[in-house]
Colleague: 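Below you'll find the structure I mean.
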Amino acid sequence: MFRNFKVVSRVVFGRGCFNQLDDIVLENRKEAGSCMVFLVDDVFKNSVLERRLPLQKHDMLLWINVDNEPTTAYVDQLTRRIRSHVEVDSKQVAGGVIGIGGGSAMDLAKAVAIMLTNPGSAADYQGWDLVQHPAVYHMGVPTLSGTGAEVSRTTVLIGPQKKLGINSDYTVFDQIVLDPDLISGAPGSQRFYTGMDCYIHCIESLNGRFINMFSRSYGEKALALCREVFLNGGPDEDDKLMMASYFGGMSISYSQVGICHALSYGLSFVLGIHHGIGNCIAFDRLEKYYPEGVREFREMLERNRIQLPRKVVADLDEKRLEKMIDVSLILEPLWQNALGSDWKKKMPREKIKDIYRQM
Ligand SMILES: NC(=O)c1ccc[n+]([C@@H]2O[C@H](COP(=O)([O-])OP(=O)(O)OC[C@H]3O[C@@H](n4cnc5c(N)ncnc54)[C@H](O)[C@@H]3O)[C@@H](O)[C@H]2O)c1
Ligand SMILES: [Fe+2]
């Protein structure tokens, strides 16, 4: 069976295109009095960006905090707040959700847009194609590039038992606004770690069993752009990184990521390590599986003067290490992509433990 997957319906790209937000939102305001919810990373509180938000009378601005990666409980809490705000005036409708920030903020926007039209908790929908009702209109505005969250059909959440996405056609954004100016102020190390998420997407996609010409075409271009950004730099690097993230996301949407991502999910769940940095810590230990990629990654680390955290797992107690392994093993398609259908034989728990212990 070939996957018949949904893509983002509308894309605007270019330096300064954030100025068109008002017009784009206006077209999608269903009726007078409908409420647009702006979910914005609180790193932008009191910034120039705050003053540029095209808020109207009935709109709601919710500052979101992403010091910890998004949880299902946080999504439920935000959804309740929006519902109670909207119910104050019964004429109001939550007309849409606009997520502004890095991968975490965009994922929260996608998840909240789904939960505004679906019953229960976000945790009920972690998995594949469990969402029953279409989400409200939702838009993503990245302020970091690399995760590919702007184009993916998933919103990655930490639930009570696992870190797993809500994978659904309804998750995909209706609109994305790609303005390279918005990523230019990000701190260097964060920019690097999120950018490496994209680099690793490409390596895992291109070296996986699920590769096909669709994914290869996007993956190769994204990889070339990552090389330009992290090995050479230059004047257009924000534009390049933004498009690398988009292309890398498109590449994995029709293939899959691999071992590094499976291990990184375990690091996030047990130790709260953010996705980008977790990927870097894991990837550095995967020379055996991705030799060329890891060699080049180390060159990028050096050129960008990044010191990876060491000994994050080495001294971890057995119980938490076992949980880490459990979480990584939930990601079956990732292992399958990297190692083939007999991956369980090739990668017993002990082997995973060995790799984790080196981190
Ligand atoms: N949905 C998907 O397809 C997908 C794919 C990969 C990762 N993810 C998720 O994305 C998240 C990681 O996203 P990320 O790497 O973009 O980082 P992030 O969104 O977690 O943000 C990292 C830090 O950077 C700050 N920040 C964001 N933009 C900034 C800017 N322009 N200037 C200064 N600071 C800024 C944030 O406040 C935060 O402190 C994880 O939760 C991960 O699970 C999702
Ligand atoms: Fe990723």
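Just the heavy atoms: all of them, side chains too, but no hydrogens, waters or symmetry mates, feed the values below. Counting starts at 1 for both ligands and their atoms, in listed order.
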Colleague: Using a strict 4.0 Å cut-off to heavy atoms of Asp197, name the atoms of ligand 1 that fall inside it.
Modeller: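 Taking each heavy atom of Asp197 in turn, ligand 1 has 6 (C), 7 (C) under 4.0 Å.
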Colleague: Using a strict threshold of under 4.0 Å (side-chain N to carboxylate O), is an ion pair present between Glu237 and Lys240?
Modeller: no
Colleague: Between Ser104 and ligand 1, does any nitrogen or oxygen pair lie at a separation below 3.5 Å?
Modeller: yes
Colleague: Counting distance only, does the side-chain N/O of His58 pair as donor-acceptor with the main-chain N or O of Gln56 below 3.5 Å?
Modeller: no
Colleague: Whether the side chain of Asn337 engages the backbone of Val257 through a donor-acceptor N/O pair (distance < 3.5 Å, no angle test) should be reported.
Modeller: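 Yes; at least one donor-acceptor contact below 3.5 Å.
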Colleague: Can you report which non-hydrogen protein atom sits closest to atom 42 (C) of ligand 1, along with the distance?
Modeller: His275 CB, 3.5 Å
Colleague: Can a salt bridge be assigned to the pair Arg15 and Asp239 using a cut-off of 4.0 Å between side-chain N and carboxylate O?
Modeller: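 Here Arg15 pairs with Asp239 in a salt bridge, since their nearest N and O are under 4.0 Å apart.
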Colleague: Any idea which protein heavy atom is nearest atom 9 (C) of ligand 1, and the distance to it?
Modeller: Asp107 OD2, 3.5 Å
Colleague: Hey, do the aromatic rings of Phe297 and Tyr199 have their centres closer than 6.0 Å?
Modeller: no
Colleague: Enumerate the atoms of ligand 1 whose separation from the nearest heavy atom of Ala149 is less than 4.0 angstrom.
Modeller: 1 (N), 2 (C), 3 (O), 4 (C)
Colleague: With distance as the sole test, does Thr79 use its side chain to make a donor-acceptor pair with the main-chain N or O of Val75 at under 3.5 Å?
Modeller: yes
Colleague: What atoms in ligand 1 come closer than 4.0 Å to a heavy atom of Gly102?
Modeller: 16 (O), 19 (O)
Colleague: Measure from the Fe ion (ligand 2) to every N/O/S atom of Asp197 and report the name of the nearest one.
Modeller: OD1
Colleague: Contact between Ile100 and Leu39 at the side-chain level, heavy atoms closer than 4.5 Å - yes or no?
Modeller: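 Not in contact.
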Colleague: So, is His201 placed with an N/O/S atom under 2.8 Å from the Fe ion (ligand 2), counting both backbone and side chain?
Modeller: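 Of the N, O and S atoms in His201, at least one lies under 2.8 Å from the Fe ion (ligand 2), which means yes.
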Colleague: Does ligand 1 have any atom sitting under 4.0 Å from a heavy atom of Leu182?
Modeller: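 Yes, that is the case, since the closest heavy atom of the residue is under 4.0 Å from the ligand.
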Colleague: Are Tyr218 and Phe214 close enough that their ring centers fall under 6.0 Å?
Modeller: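 Aromatic pair counts; centres sit under 6.0 Å.
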Colleague: Is Glu287 salt-bridged to Arg295, going by a charged N under 4.0 Å from an acidic O?
Modeller: no
Colleague: Are Met250 and Met106 joined in one hydrophobic group, where the rule is that I, L, V, M, F, W and Y side chains link up if heavy atoms are under 4.5 Å apart?
Modeller: yes
Colleague: Nearest protein heavy-atom contact for atom 28 (N) of ligand 1: which residue, which atom, what distance?
Modeller: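 Sorting protein heavy atoms by distance from atom 28 (N) of ligand 1 puts Thr143 OG1, 2.8 Å first.
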Colleague: Of the protein's non-hydrogen atoms, which lies at the shortest distance from atom 16 (O) of ligand 1, and what is that distance?
Modeller: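 Sorting protein heavy atoms by distance from atom 16 (O) of ligand 1 puts Gly103 N, 2.7 Å first.
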Colleague: Any atoms of ligand 1 less than 4.0 Å from a non-hydrogen atom of Lys163? List them with their elements.
Modeller: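 In order of numbering, the contacting atoms are 43 (O).
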Colleague: In the structure I gave you, are the side-chain heavy atoms of Ile352 and Leu329 within less than 4.5 Å of one another anywhere?
Modeller: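 A side-chain contact exists here, since the closest heavy-atom pair is under 4.5 Å.
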Colleague: Both conditions, 6.0 Å and 45 degrees, for the charged tip of Lys163 above the ring of Phe269: are they met here?
Modeller: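 Judged by the rule, Lys163 and Phe269 form no cation-pi pair.
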Colleague: Can you tell me the N, O or S atom of His261 that's nearest the Fe ion (ligand 2)?
Modeller: NE2
Colleague: Does an N or O anywhere in Ser152 fall below 3.5 Å from an N or O of ligand 1?
Modeller: yes
Colleague: Can you tell whether the side chains of Glu27 and Arg10 come within less than 4.0 Å, N to carboxylate O?
Modeller: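 Not counted as a salt bridge, because no side-chain N and carboxylate O are separated by less than 4.0 Å.
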Colleague: Among protein heavy atoms, which lies nearest atom 5 (C) of ligand 1, and at what distance?
Modeller: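 Nearest neighbour among protein heavy atoms for atom 5 (C) of ligand 1, to 0.1 Å: Thr147 O, 3.3 Å.
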Colleague: Identify, for atom 32 (N) of ligand 1, the protein heavy atom at the shortest distance, and state residue, atom and that distance.
Modeller: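 Going by distance alone, atom 32 (N) of ligand 1 is nearest to Ala186 CA, 3.5 Å.
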Colleague: Can you tell me if Phe44 has a non-hydrogen atom under 4.0 Å from ligand 1?
Modeller: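 It does, in that a heavy atom of Phe44 comes within the 4.0 Å cut-off of ligand 1.
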Colleague: Any N or O of Thr194 that comes nearer than 3.5 Å to an N or O of ligand 1?
Modeller: yes
Colleague: Give me the residue, atom name and distance of the protein heavy atom closest to atom 38 (C) of ligand 1.
Modeller: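 I find the closest protein heavy atom is Val66 CG2, 3.7 Å.
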Colleague: Counting distance only, does the side-chain N/O of Thr117 pair as donor-acceptor with the main-chain N or O of Pro134 below 3.5 Å?
Modeller: yes
Colleague: With a cutoff of 4.0 Å, is Pro187 in contact with ligand 1, counting heavy atoms of the residue only?
Modeller: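 True for this residue.
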Colleague: Is a salt bridge present between Asp129 and Arg153, judged by a nitrogen-to-oxygen distance below 4.0 Å?
Modeller: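 A salt bridge is present here (some side-chain N lies under 4.0 Å from a carboxylate O).
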Colleague: Would you call Pro70 a ligand 1 contact, heavy-atom distance under 4.0 Å?
Modeller: yes
Colleague: Can Glu299 and Arg227 be counted as an ion pair, charged N to O under 4.0 angstrom?
Modeller: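 So Glu299 does not pair with Arg227 through a salt bridge.
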Colleague: Students should be able to answer this: which protein heavy-atom is nearest to atom 21 (O) of ligand 1, and at what distance?
Modeller: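 Residue, atom and distance for the closest contact: Leu144 CD1, 3.6 Å.
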Colleague: Check whether any N or O atom of Asp41, backbone or side chain, sits under 3.5 Å from an N or O atom of ligand 1, and answer yes or no.
Modeller: yes
Colleague: Is ligand 1 less than 4.0 angstrom away from at least one heavy atom of Ile183?
Modeller: no
Colleague: Backbone or side chain, does any N or O of Thr154 fall under 3.5 Å from an N or O of ligand 1?
Modeller: yes
Colleague: Below the 3.5 angstrom mark, is there an N/O of Val43, backbone or side chain, next to an N/O of ligand 1?
Modeller: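 No - when backbone and side-chain N and O of Val43 are compared with those of ligand 1, no distance drops under 3.5 Å.
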Colleague: Assess Arg153 for proximity to ligand 1: is some non-hydrogen atom of it under 4.0 Å away?
Modeller: no
